[in-house]
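Being a predicted model, the structure only gives us computed values, none of them experimental. Below, each value reflects all heavy atoms present in this structure, side chains not excepted, and no hydrogens, waters or symmetry copies.
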Amino acid sequence: ASAFAAYATTYPRPGWAEQDPEAWWQSVCRSTRQILAENPEAAARLAAIGFSAMMNGCLLVDGAGRPLRPAIIHADVRSAAQSERIAAVVGEERAYRITGNRVAPYFTLEKLAWLADHDPDALRRARWCVQTKDYVEGRLTGVWGVTDPSDASLTGAFDMEHGAWSGEMLDAASIRAGLLPEVRPSMSVIGAVSEDAARETGLRAGLPVVLGGGDGACATAGAGVVTAGDAYHYLGGTSWVAAICGAYRPDPERRLSLFCALDPERFVLYGTVQSAGSSVDWLRQAIGTGSPETDAEESHAALERLAASAPPGSHGLFFLPYLAGERSPIWDSAARGAFIGLTAAHTRADLARAVFEGVAYALNSNLTALASAADVLGPIRALGGGMRMAVWRSILSAVYNRPLRPLQRLAEATACGAAMAAATAIGLCPNLADAAERFAPLGDEEVPDRAAAAVYARGFTFYQSLYPALADRFAALAALRNHSGGDPGAAGR
């Protein structure tokens, strides 16, 4: 069963993104009470609680778990200056070798460095810096100062090779080591539901609570990707492709990123496309598929029909999906979207298909990098709302030239991964591989169309040549925007 309870994000200034931790807790309480009320027979059989939540955050709490200021979430990029300072001290290549990630304002360490510069009083009073799931678990159990390797690994302060906080990275940011929590395995029972939390949530007091992992780690497990060489992609507004590695293997070219999997012996190597589903949403609104009264689902269906009416290759039209810059593998915040090859003969159908194909090419750029840095075997598992679109499934399979195996439950892999960790921790499943069989059933396989795959093989070679040819123009365009009123997409980044 599932339930949903919303909470707000605030944007006090451009580039800032904050949330209220009390809103997290109240949402957990509301949704939990709803599930228990709607499923009374299942409530009596609950064996454990598992957790997952967004990563890369920064919440300062005192020794009793009371927040000292709003939580700074992953989307917040206010710490650009602090990122540059840390990179200058440690060195980009050295920092990547330690953490498996580039130095960037998305990460917790850089956010802490910003707080040291701008809110030193809160930093001085803080006992812990915690992640979202760890705060909610603290409210549930009364246990504070604990996190798991997956959340630790996307703080920018964790030495992934040695499984410990990096003194070198912390020193570079001038952050005291004692601020960061103890790291325990994801499949650890950290406590039990307290009497107070039981009254607020409706859960049974004493129910075991399992630490779990960040959303990336749980989505990976929930996709059934638990063995070295397994790979999947998530197709949503922002999308990524990821593979399991049996050893710590940072990409020598720093194109990709790493975090720790739920399994303590595994790592997740991944690449992210910033504007995937959001490129499709932009096109849907820009070319107006449907009337103003048409709802989003009908509008997406109309766009899909339009794209399906154009041939593979979109009559020689290409789309670069860099609407808000791009992450991996190019790491260029100045990059911008573009149609290449546009003529008067191109139709709305060609535009639509080119956008779907452009996102598929961008994802394949990351899959190609993954294949060179890790052994990616067999079909690619797939999840996320975008996989409901048949035309996109066929394009992706043909561009990858690999079978796709969508999950039966496309939107719930993260929650399933948290449940898998809980089931394994308390012995209901002997290991994650067994849990994957039970929690991550697969749907029908999408087999690549050979003729389309041949078209896309040639198209992908050309696509790969476009960014290198345009990179200096993107940089010049950024300078031009700075002198002509700015960038209409900047406020959302």
Side-chain angles (χ1 to χ4, degrees), residues 50 52 55 100 148-151 153-154 160 185-187 212-236 238-249 251 256-273 328 363-364 366-387 393 396-397 400 402-424 429-446:
S52 185
M55 306 168 81
D148 82 296
S150 69
D151 258 333
S153 66
L154 283 190
M160 273 207 272
S186 298
M187 290 168 284
D215 56 3
C218 285
T220 301
V225 174
V226 296
T227 303
D230 288 351
Y232 78 102
H233 78 215
Y234 173 85
L235 192 59
T238 294
S239 300
W240 62 86
V241 292
I244 290 282
C245 300
Y248 181 58
R249 294 165 62 178
D251 178 19
L256 304 168
S257 301
L258 277 151
F259 58 82
C260 295
L262 292 182
D263 184 332
E265 304 299 322
R266 299 283 185 263
F267 299 85
V268 180
L269 187 66
Y270 71 102
T272 302
V273 172
S328 50
L363 284 163
N364 197 42
N366 284 287
L367 183 59
T368 300
L370 274 178
S372 69
D375 298 321
V376 177
L377 308 172
I380 307 297
R381 292 180 176 231
L383 61 148
M387 292 308 300
R393 292 197 303 271
L396 284 161
S397 180
Y400 293 166
R402 292 172 180 261
L404 286 183
R405 293 300 306 272
L407 270 68
Q408 288 183 18
R409 292 190 288 261
L410 292 173
E412 296 166 346
T414 303
C416 287
M420 288 166 61
T424 305
C429 296
N431 51 52
L432 283 175
D434 178 81
E437 292 291 328
R438 298 168 64 174
F439 285 86
L442 291 168
D444 294 335
E445 186 173 72
E446 183 83 33

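Shown here for M160 and C260, the closest heavy-atom pair between the two residues is SD-SG, 3.7 Å. Among all heavy-atom pairs drawn from Y234 and G384, the shortest one is CE1-CA, 3.5 Å. Taking both residues in full, the closest heavy atoms of P185 and P149 are given as CA-CD, 4.2 Å, listed atom of the first, atom of the second, then distance. Residues A261 and S186 approach most closely at O-OG, 4.5 Å, considering heavy atoms. Contact record, A440 with G224: CB-N, 3.7 Å, taken as the closest heavy-atom pair.
Within the 4.5 Å cutoff, the side chain of T220 has heavy atoms near those of the F259 side chain. When side chains are defined from C-beta on, M187 counts as touching L432, because their heavy atoms get closer than 4.5 Å.
Looking at R393, its side chain does come within 3.5 Å of a backbone N or O of M387 through a donor-acceptor pair. Using modelled atom types, one side-chain atom of S372 and one backbone atom of A369 make a donor-acceptor pair closer than 3.5 Å. Formation of a donor-acceptor pair under 3.5 Å by the Y248 side chain with backbone atoms of G100 is found in this model. Not one N or O on the side chain of S257 forms a donor-acceptor pair closer than 3.5 Å with the backbone of Y270.
Not counting sequence neighbours, the partners of A433 by the side-chain contact (heavy atoms from CB on, under 4.5 Å) test are V226, N431. With sequence neighbours excluded, the residues that form a side-chain contact (heavy atoms from CB on, under 4.5 Å) with S150 are M55, D148, A217.
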Apply side-chain contact (heavy atoms from CB on, under 4.5 Å) to the pair I244 and V268, showing each step before the final yes or no.
CA-CA 5 Å; I244 290 282; V268 180; 3.9 Å; yes
Could you go through the side-chain contact (heavy atoms from CB on, under 4.5 Å) check for N366 and H233 one step at a time?
CA-CA 10 Å; N366 284 287; H233 78 215; over 6 Å; no
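Separation of atoms CG (L262) and OG1 (T424) is listed at 8.5 Å; rounding is to 0.5 Å. Atom SG of C245 sits about 13.5 Å away from atom CD of E265, to the nearest 0.5 Å. To the nearest 0.5 Å, atom CG of residue L269 and atom CG of residue L256 are 4.5 Å apart. Taking CG from L367 and CD1 from I380, the interatomic distance works out to 5.0 Å, rounded to the nearest 0.5 Å. Rounding to the nearest 0.5 Å gives a distance of 10.5 Å between SG of C429 and CD of E437. A distance of 12.0 Å separates CH2 in W240 from OG in S328, rounded to the nearest 0.5 Å.
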Donor-acceptor list for residues 403-420 side chains, cut-off 3.5 Å, not counting sequence neighbours:
from	atom 1	to	atom 2	distance (Å)
R405	NH2	G443	O	3.2
Q408	NE2	L442	O	3.1
R409	NH2	F439	O	2.7

